[in-house]
S.K.: 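Quick one: the structure is below, questions incoming.
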Amino acid sequence: MQWTTLQTAMAETGYIADDDLAMAIHLALSLGRPLLLEGAAGVGKTEVARVLAQVKETELIRLQCYEGLDAAQAIYEWNYQRQLLSIRAAAEDGETGRSVEQRIFSEEFLLERPLLKAIRQDTAPVLLIDEIDRADEEFEAYLLEILSDFQITIPELGTITAKSTPIVILTANGTRDLSDALRRRCLYAHVAYPERATELAILKARCAGIEAQLAGQIVGFVQSLRKEDLEKKPGIAEMLDFAAALMGLGIADLTQDPVVLQATLATLLKTQSDRDNITTEIAQRLAGKAA
């Protein structure tokens, strides 16, 4: 699949990727390398993985990273409750020793977590490692080993090697600096807020039937809003929610009802400080510029 073909296929699902991003995804697929996507929250990094799974007609497996994430939660763990029940039942039957140990440390008692699940698929899945910068550096180092060899060693079962190499997408929001080792292992693309034409294309693809005038006003308003001093700038998902809210309320022009416009900012502004900062007067000024 050529990169332009991939770009078109993604657009057909409603994701408008610019040339740089489409080429980065294409190269990651061609070279079998993980792709690290970095950028502000809400610009569509996670959506890349979902759309790619749809385009490739394969499963999406997601590992959501957070502080304190460890191997047991990301790779595998044993079902300790079932193991204890099995040991208790075996003792009541007079069974002890190695046969009990072999049974409780078998596939029957193994709980797959995202990383183990990803390498055991017959068809290569899309493995999304979301917000890797929220995980600890120790976990990042452990992850590097898995991404290098795509195999996992379980002491009780041995080494499990990938049946097919997953398509790996990592995302980062800039919470902390990632290691040079991880960056070297991955291809890289920075995902920024889209330019006006691209965001307008996204809106029209996702909100079929929206009037051209309203679509232009929405994109202009949201892009102007992002330039204000906000704690959390609205992303693409928020822009789409804003559009859906306006269409649902029958609004055809952003300037027609200041009260309704202010109320629908609930879809765009997600902190009280931002709601306080964007007063009715400011909202009207931005709507006027976008009209």
Side-chain angles (χ1 to χ4, degrees), residues 2-26 37-55 169 171 173 189-230 232-258 260-270 274 278 280 282-291:
Q2 295 298 317
W3 73 272
T4 52
T5 305
L6 174 63
Q7 188 179 39
T8 301
M10 293 179 70
E12 290 172 353
T13 72
Y15 191 98
I16 311 299
D18 63 25
D19 291 351
D20 288 346
L21 178 57
M23 178 60 81
I25 297 169
H26 171 70
L37 301 177
E38 209 164 28
V43 294
K45 304 184 299 298
T46 299
E47 189 72 1
V48 168
R50 187 194 66 78
V51 168
L52 192 55
Q54 188 173 342
V55 169
I169 304 292
T171 74
N173 296 337
H190 182 267
V191 185
Y193 289 113
E195 297 178 353
R196 178 181 172 84
T198 301
E199 192 156 14
L200 197 55
I202 293 170
L203 176 56
K204 290 179 178 178
R206 294 297 186 90
C207 294
I210 189 170
E211 294 292 335
Q213 177 186 352
L214 180 61
Q217 288 182 338
I218 288 170
V219 170
F221 180 83
V222 173
Q223 293 200 341
S224 294
L225 190 61
R226 290 181 187 135
K227 297 175 183 178
E228 298 294 318
D229 185 18
L230 300 176
K232 184 184 183 305
K233 299 182 187 298
I236 295 171
E238 285 82 7
M239 181 273 294
L240 294 172
D241 287 343
F242 181 53
L246 292 170
M247 292 174 67
L249 292 169
I251 301 299
D253 187 322
L254 285 189
T255 62
Q256 76 180 54
D257 192 330
V260 170
L261 176 61
Q262 193 67 20
T264 55
L265 292 184
T267 61
L268 296 173
L269 305 176
K270 301 301 178 69
D274 287 347
I278 305 302
T280 301
I282 293 175
Q284 282 300 291
R285 173 173 55 81
L286 298 179
K289 288 173 60 178

S.K.: Indicate the atoms forming the closest heavy-atom contact of G14 with I202, along with that distance.
M.R.: O-CG2, 4.5 Å
S.K.: Any side-chain heavy atom of T171 sitting closer than 4.5 Å to one from V48?
M.R.: no
S.K.: Whether the side chain of R196 engages the backbone of V219 through a donor-acceptor N/O pair (distance < 3.5 Å, no angle test) should be reported.
M.R.: no
S.K.: Side chain to side chain contact (heavy atoms under 4.5 Å, CB included) for L261 and D257? Distances and angles first, verdict last.
M.R.: CA-CA 6 Å; L261 176 61; D257 192 330; over 6 Å; no
S.K.: Under 3.5 Å, side chain of K45 to main-chain N/O of A40, donor-acceptor pair present?
M.R.: yes
S.K.: Can you tell me if E195 has over 12 outside heavy atoms packed within less than 6.0 Å of its CD?
M.R.: no
S.K.: Take L246 and Q217 through the test side chain to side chain contact (heavy atoms under 4.5 Å, CB included) and record every step on the way to the result.
M.R.: CA-CA 11 Å; L246 292 170; Q217 288 182 338; over 6 Å; no
S.K.: Say whether, by atom type as modelled, one donor and one acceptor occur between the side chain of D274 and the main chain of K232 under 3.5 angstrom.
M.R.: yes
S.K.: Between atom CZ of F221 and atom CZ of R226, what is the distance when rounded to the nearest 0.5 Å?
M.R.: 11.5 Å
S.K.: Please find the pair of heavy atoms, one from T280 and one from Q262, that lie closest to each other, and give the distance.
M.R.: CA-OE1, 3.3 Å
S.K.: Measure the NZ-CD distance between K204 and E211 for me, rounded to the nearest 0.5 Å.
M.R.: 10.5 Å
S.K.: Using a 6.0 Å cut-off, check whether atom CD of E228 has over 12 heavy atoms from anything other than its own residue.
M.R.: yes
S.K.: For V191 versus L21, what's the shortest heavy-atom pair and its separation?
M.R.: CG2-CD1, 4.3 Å
S.K.: Are the side chain of Q2 and the backbone of H26 linked by a donor-acceptor contact shorter than 3.5 Å?
M.R.: no
S.K.: Is the shortest side-chain heavy-atom distance between V222 and E238 below 4.5 Å?
M.R.: no
S.K.: Would a 4.5 Å heavy-atom cut-off, applied to side chains only, mark I218 and L214 as touching?
M.R.: yes
S.K.: Find out whether L254 and L286 are in side-chain contact, i.e. whether some heavy atom of one side chain is under 4.5 Å from a heavy atom of the other.
M.R.: no
S.K.: Side-chain contact, heavy-atom cut-off 4.5 Å: I278 with L230?
M.R.: yes
S.K.: Using the side chain to side chain contact (heavy atoms under 4.5 Å, CB included) rule, take T198 and Y193 through it: C-alpha gap first, then chi angles, then the decisive distance, then the call.
M.R.: CA-CA 9 Å; T198 301; Y193 289 113; over 6 Å; no
S.K.: For residues I210 and A243, report the shortest heavy-atom separation together with the two atoms involved.
M.R.: CD1-CB, 4.4 Å
S.K.: Taking the side chain as C-beta and beyond, is there a heavy-atom pair between I236 and Y15 under 4.5 Å?
M.R.: no
S.K.: Is there a donor-acceptor pair closer than 3.5 Å between any side-chain N or O of Q7 and the backbone N or O of A17?
M.R.: yes
S.K.: Quick one, L225 and L269 - any side-chain contact, counting heavy atoms below 4.5 Å?
M.R.: yes
S.K.: Does the side chain of L52 reach to within under 4.5 Å of the side chain of L6, using non-hydrogen atoms?
M.R.: yes
S.K.: Determine the minimum heavy-atom distance between M247 and G209, stating which atoms define it.
M.R.: CE-C, 4.5 Å
S.K.: Of all heavy-atom pairs between T264 and A245, which one has the smallest distance, and what is that distance?
M.R.: CG2-CB, 4.4 Å
